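A short write-up of the structure that comes next.
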There are 2 protein chains.
Amino acid sequence: MTAALSLVKRARRVKPKRDGEATKKRLLDAAEQEFARKGFAGARLGAIAVAASAQQALVHHYFGDKEGLYQAVLTRAVEATTSEGWDILQRVPIGGARGRKARLDLPALRALVDAFVVAMLRFFATHAPLLSIVRHDARAGGAFTRELVTRTSKPVFDVVVGTLGDLQRRGVVRRGIDVRHVCVSVFAMCAYPYYDEEFLTVLWPVDVRGADFMDARRREIVDTAMARLAP
Amino acid sequence: MTAALSLVKRARRVKPKRDGEATKKRLLDAAEQEFARKGFAGARLGAIAVAASAQQALVHHYFGDKEGLYQAVLTRAVEATTSEGWDILQRVPIGGARGRKARLDLPALRALVDAFVVAMLRFFATHAPLLSIVRHDARAGGAFTRELVTRTSKPVFDVVVGTLGDLQRRGVVRRGIDVRHVCVSVFAMCAYPYYDEEFLTVLWPVDVRGADFMDARRREIVDTAMARLAP
DNA sequence: TGACGAATTGACTATTTAATAAATAATCAA
DNA sequence: TTGATTATTTATTAAATAGTCAATTCGTCA
C-alpha cells in the first residue's frame, strides 16, 4: 500500500505533509525577500521563518547559520541567472555573426544597441532585489559579486565593446571615442531608475517602474547612444 | 586666575580635557562612517564609541538612542549640504541670466551642460557615503531623503530642465526629445561609478575613483549629452 | 576656594536574536 | 510491519547589543 500510495501521491501530486525540499525553498524565498528589504544585518531569522511558515530552527537545520542561509540565497540566485543577455544579442546579426560578413550600416548598429539596452533593462528590472542583496557580499569583497557580474553583465559588456570596437575600426562608429565609456553610460542609464527610485521620484514625480516611463527611457537611451556613436 | 586662564586657553586654543561639543562632533563623525559602512542595522554603538574615543553611554546621553544618533547624523549632513550646484550654475551665463538676453549658441549650451555635469560629479564624489546612509531613511519612506534631494539635486534639476526647455522652444536644442529624460540620463551617468563601484570594477578593471577615469568620464558625459541635444 | 553643573566613567540591566538540543511525528525502504 | 531516516516542533541556551544609573571627575563661576 505504501508504494502504491506514494505512486498515487506522485501521480496526483498530493502535497505531502512534510517535504524538506519545499520547506527549504520557502525559506530561501522568504530569506531572499527579507535580505533584499532589510540587508544582511537587518534581516531577522524569526521574520524569515514566519514568512516561510516554518520554524526558525529549520533555518539552522538546513543552512547552519545566518551566513549559510545568505550564501544559499546567493548561490541559488546566481545559478538561476545564466547570462540571458547572450540570447538577445545572438539574434542581432551584427552581434551574433561577427565571423561572417556583417552588415556595416547604421540600422544594424541601432539593432545592436537596442538589443543591448533591452537586455540591460530587462536584467535590472528582474534582478534589482538581487543586486540589493549582493551588496553585502560586495562590501566584504565577496566572491559572489564577481561571480554574478562575470556570469551576467560581463559577457554582454565584452561582446558589445568588442563589436563596437570592430565597427569603429571599419568606420561605422565615430572614431576617437572610447566605446567602453559609452557602454558604461548605457549601463548607468539603464540601471539608474532601479537603483535610485526614491531619489528620482522626488525630482520627477512619475511612476518610475511603469511601462510608460520605461518605454520612454528605452527610446531615450537608444537614441542617446546612437547620437554618440554615429559619425 | 580662572578667568585669566580661560582667556589664555581660548587664545592659545589649549584643548580642554572635557568638551561636550567636541565629543558630540567626534561621535557624529564616527557614526557617519559606521552607518555608511555597515548600514543602520549593522552599525554598532560600541564601534562608534571606540572610533570616537568616547564612552558608549555618551551616545545615549547626547542622542537618546541609536535612532536619535542616526537622525542627528542625517540632520547635520543635510544642513551642511546647501545646494552647491547653484553656485556653479549661476556662473554659467545661459543658466544664470535667463532673464536677460542669453546667447543662444551651442558653445553656451555646452557650457551649461558642462557646469551641470561638473556639479553632479562633484556632488556624488563628495556625498557618496551620505547617500549610502540616507538609504535606510529612504526605504522607510523617511523625510530626510526628500529633504536632501529637495535641497541639493532638485534645484539643479529644475534649473537645467527649465533652461533646456527654453532653449528647445527657441530651436537651440533639438525638438521632439524630452529634456527631463536627458537630465535623468546625465544624473545616471554621473552617479553610476560611485553607486556601483564594485560591479563596474569587475567589468572594467580600472581605478574608478581615479582622476584619469573621472576626467574621461566627464568628457564622455558632456559629449554624450551634447550629441543628444544639438539639432 | 568651594559649590554647582556638565562631562565622563564603569558597572549594570534588559532585550533582542542567533543558535542548540532534545523530543515528537511523518516518511520511506526493506 | 518495522526500523531507520528525515522533517518538524518546543523549549532552552548563549551571545551580542542597546540602553540605564549612580558615582566620579573636571571646568567654571560666584
Side-chain angles (χ1 to χ4, degrees), chain A residues 1-28 30-31 34-35 37-73 136, chain B residues 1-28 30-31 34-35 37-73 136:
Chain A
M1 109 187 180
T2 50
L5 184 60
S6 68
L7 271 179
V8 169
K9 273 186 185 172
R10 232 170 285 158
R12 292 192 187 168
R13 282 180 198 161
V14 174
K15 63 175 177 185
K17 285 179 187 170
R18 297 186 163 198
D19 185 339
E21 289 307 310
T23 308
K24 237 165 154 176
K25 185 184 178 313
R26 285 204 317 280
L27 282 171
L28 285 172
E34 177 82 357
F35 282 134
R37 275 209 265 260
K38 309 285 182 66
F40 179 80
R44 298 286 162 250
L45 295 186
I48 292 171
V50 168
S53 354
Q55 292 295 324
Q56 191 173 333
L58 289 176
V59 170
H60 296 98
H61 182 247
Y62 287 120
F63 306 103
D65 57 3
K66 194 180 182 183
E67 184 66 32
L69 177 61
Y70 176 76
Q71 300 272 330
V73 167
H136 173 252
Chain B
M1 106 185 182
T2 50
L5 184 59
S6 68
L7 271 179
V8 169
K9 272 185 187 174
R10 232 170 286 158
R12 293 191 187 170
R13 283 184 197 158
V14 173
K15 63 175 178 184
K17 284 180 186 170
R18 297 189 163 197
D19 185 340
E21 289 308 309
T23 307
K24 238 165 154 176
K25 183 183 180 314
R26 285 204 318 280
L27 283 171
L28 284 172
E34 177 82 357
F35 283 133
R37 276 209 264 260
K38 309 284 182 66
F40 178 80
R44 298 285 162 250
L45 294 185
I48 292 171
V50 167
S53 354
Q55 291 292 327
Q56 191 173 332
L58 289 176
V59 171
H60 297 98
H61 182 249
Y62 288 120
F63 306 104
D65 57 2
K66 194 180 181 182
E67 184 66 32
L69 177 62
Y70 177 77
Q71 300 272 331
V73 167
H136 173 253

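The structure presented is a predicted model; accordingly, all values stated were derived computationally and were not measured. Proteins get letters first, then strands, A, B, ... in listed order; numbering begins at 1 in each.
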Smallest separation among heavy atoms of B/A52 and B/R26, with atom names: O-NE, 2.7 Å
Let's go through A/K66 and A/L69 carefully: what are the C-alpha distance in whole Å and the side-chain angles of both, what is the deciding distance for side chain to side chain contact (heavy atoms under 4.5 Å, CB included) to 0.1 Å, and is it a yes or a no? CA-CA 5 Å; A/K66 194 180 182 183; A/L69 177 61; 5.6 Å; no
Indicate, with a heavy-atom threshold strictly under 4.0 Å, whether A/A43 touches base, sugar-phosphate, or nothing. sugar-phosphate
A/A31 versus A/V73, closest heavy-atom pair with distance: CB-CG2, 3.7 Å
Please, which pairs that meet salt bridge (Lys or Arg N to Asp or Glu O under 4.0 Å) have at least one residue in residues 38-49 of chain B, sequence neighbours excluded? B/E34-B/K38
Search all heavy atoms of B/L27 against all heavy atoms of B/A49 and return the closest pair with its distance. CD2-CA, 4.4 Å
Base, sugar-phosphate alone, or nothing: which one does A/A49 contact when heavy atoms must sit under 4.0 Å apart? nothing
Contacting residues from residues 55-62 of chain B, given that a heavy atom lies under 4.0 angstrom of DNA chain C: B/Q55, B/A57, B/L58, B/H61, B/Y62
In whole angstroms, how far is the P atom of C/dA7 from the CG atom of B/L27? 12 Å
Can you sort out the partners of A/R37 under side chain to side chain donor-acceptor pair (under 3.5 Å), two or more places apart, ordered by chain and number? A/Q33
Are A/D65 and A/V59 close enough that some pair of their side-chain heavy atoms sits under 4.5 Å apart? no
CZ of A/R26 versus P of D/dA7: gap in Å, rounded? 13 Å
Measure from CD on B/E34 to P on D/dT17 and round the result to the nearest Å. 10 Å
What ring pair (Phe, Tyr, Trp, His ring centres under 6.0 Å) pairs are there with at least one residue in residues 45-70 of chain A, not counting sequence neighbours? A/F35-A/Y70, A/F40-A/Y70, A/Y70-A/H136
Protein-nucleotide distance (B/Y70, atom OH; D/dG19, atom P), rounded to Å: 15 Å
Write down the distance between CD (A/E67) and C1' (C/dA19), rounded to a whole number of angstrom. 15 Å
What's the CZ-P distance between B/F63 and D/dT20, to the nearest Å? 15 Å
List in chain and number order the residues that pass side chain to side chain donor-acceptor pair (under 3.5 Å) with A/E67, two or more places apart in sequence or in another chain; answer none if no residue qualifies. A/Q71
In whole Å, I'd like the distance from the CG atom of B/L45 to the C1' atom of D/dT20. 14 Å
Rounded to whole Å, the CZ-P distance (A/R44 to C/dT17) equals 4 Å
Close N/O contacts between protein and nucleotides 24-26 of chain D (under 3.5 Å):
unit_1	atom_1	unit_2	atom_2	d
D/dT25	O2	B/R18	NH1	2.3
D/dT25	O2	B/R18	NH2	3.0
D/dC26	O4'	B/R18	NE	3.4

